[in-house]
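The structure under discussion appears below in the form of structure tokens.
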Amino acid sequence: MRTLAVRNGDLVLAGSKFGMVEGIARVQQQLGLAMREAFGSDRFHRQWGSTLPNWIGQVLTPNVPFEIRAEVTRIVRDFIIQQNEKIKERAALGYTAVVAAEEMIMEIRDIKIETRYDSILVKVTLRTASGQEFSVLTTPGSVT
């Protein structure tokens, strides 16, 4: 499956056309955008986004990492549900699957969280149906 490429909030140009991403890069982009965008801020997709931006600048209590982990798990779970719905819709119409095995998330392998004064860094490692592992970050950089 392919979608428009986005970099720093802008569409990517590839010559005179818009850039596209597919495969794991598409999944990384979509999940990364979902984690960074405020939940409910998209008027066309009210269930899109996350509550992670709400924690920036807040007092960090011992429960915050658990709440962040639960929110990231919810985002990934919703993404998996959407993938499954697309597959079922296409199968009902007699079409082949639109999601390749390398894009189909099967498992959350790890979630690492690093909180800073003005940001929350999250690195979620996922495994696909093809057995590949890859990570999604809330912001560019590294999470230990």
Side-chain angles (χ1 to χ4, degrees), residues 1-14 18-93 95-144:
M1 186 171 184
R2 294 170 39 136
T3 191
L4 293 168
V6 176
R7 186 178 305 127
N8 298 324
D10 294 321
L11 292 173
V12 174
L13 291 176
F18 289 115
M20 302 296 285
V21 291
E22 59 187 329
I24 288 176
R26 179 189 68 82
V27 176
Q28 287 173 313
Q29 175 179 289
Q30 287 185 293
L31 287 173
L33 290 170
M35 287 193 289
R36 291 188 297 270
E37 188 172 332
F39 184 80
S41 63
D42 186 327
R43 65 184 175 147
F44 298 108
H45 305 282
R46 290 287 182 199
Q47 300 301 310
W48 174 259
S50 97
T51 60
L52 294 179
N54 297 342
W55 282 298
I56 296 172
Q58 299 298 317
V59 176
L60 299 178
T61 65
N63 289 338
V64 168
F66 298 106
E67 293 173 17
I68 291 171
R69 187 174 306 280
E71 177 63 359
V72 170
T73 301
R74 181 197 65 81
I75 293 165
V76 173
R77 185 195 68 230
D78 287 353
F79 187 83
I80 292 169
I81 290 168
Q82 290 172 3
Q83 284 183 324
N84 289 333
E85 287 175 358
K86 285 179 185 174
I87 291 169
K88 288 178 188 175
E89 287 172 9
R90 290 186 59 87
L93 295 171
Y95 298 127
T96 58
V98 68
V99 179
E102 73 171 0
E103 298 174 308
M104 180 60 84
I105 299 171
M106 299 303 290
E107 176 185 14
I108 297 174
R109 301 286 290 166
D110 190 31
I111 299 174
K112 292 185 180 180
I113 301 163
E114 189 175 307
T115 54
R116 297 186 181 162
Y117 295 110
D118 62 347
S119 62
I120 297 169
L121 303 176
V122 178
K123 177 181 178 182
V124 57
T125 303
L126 305 165
R127 186 180 59 78
T128 67
S130 65
Q132 294 175 286
E133 285 192 15
F134 66 97
S135 296
V136 178
L137 299 168
T138 52
T139 59
S142 62
V143 178
T144 56

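What you are looking at is a predicted structure, and each value in this text was computed from that prediction instead of being measured. Along the sequence shown, the residues carry numbers beginning at 1.
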One pair to check against side-chain contact (heavy atoms from CB on, under 4.5 Å): Ile105 and Val76. What are the steps and the verdict?
CA-CA 8 Å; Ile105 299 171; Val76 173; 4.2 Å; yes

Give the C-alpha distance, both sets of side-chain angles, the deciding distance and a yes or no for side-chain contact (heavy atoms from CB on, under 4.5 Å) between Val6 and Leu11.
CA-CA 5 Å; Val6 176; Leu11 292 173; 4.2 Å; yes

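- The two residues Thr128 and Met106 make their nearest non-hydrogen contact at C-CG, 3.6 Å.
- For the atom pair NE2 (His45) and CZ (Phe39), the distance works out to 13.0 Å, reported to the nearest 0.5 Å.
- Scored by the side-chain contact (heavy atoms from CB on, under 4.5 Å) test, Leu93 finds Tyr95 as partners (sequence neighbours excluded).
- In terms of heavy atoms, Ala5 sits closest to Gln29 at CA-OE1, 3.5 Å.
- When the shell of 6.0 Å around CZ of Arg46 is examined, it contains more than 12 heavy atoms from other residues, nucleotides or ligands.
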Evaluate the side-chain contact (heavy atoms from CB on, under 4.5 Å) criterion for residues Phe18 and Leu13: first the C-alpha distance (whole Å), next the side-chain angles of each, then the deciding distance (0.1 Å), finally the verdict.
CA-CA 4 Å; Phe18 289 115; Leu13 291 176; 3.8 Å; yes

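- Contact of the Leu52 side chain with the Val72 side chain is registered, since non-hydrogen atoms from C-beta on lie closer than 4.5 Å.
- Minimum interatomic distance between Glu71 and Thr51 (heavy atoms only, all atoms of both residues): OE2-N, 2.8 Å.
- Around CZ of Arg7, the count of heavy atoms belonging to other residues, nucleotides or ligands within 6.0 Å does not exceed 12.
- Without hydrogens or angle criteria, Thr138 side chain to Val122 main chain gives a donor-acceptor distance under 3.5 Å.
- The line from CD of Glu107 to CD of Glu133 is 7.5 Å long, rounded to the nearest 0.5 Å.
- Looking only at distances, no side-chain donor or acceptor of Glu103 sits under 3.5 Å from a matching main-chain atom of Gln83.
- Closest non-hydrogen pair, Gly49 versus Ile75, comes out as O-CG1, 4.2 Å.
- When atom types are taken as modelled, the side chain of Arg127 and the backbone of Arg109 share no donor-acceptor pair closer than 3.5 angstrom.
- Contact between Met35 and Ser50 at its shortest, heavy atoms only, is O-OG, 2.9 Å.
- When all heavy atoms of Trp48 and Gln30 are compared, the pair lying nearest together is CH2-O, 3.4 Å.
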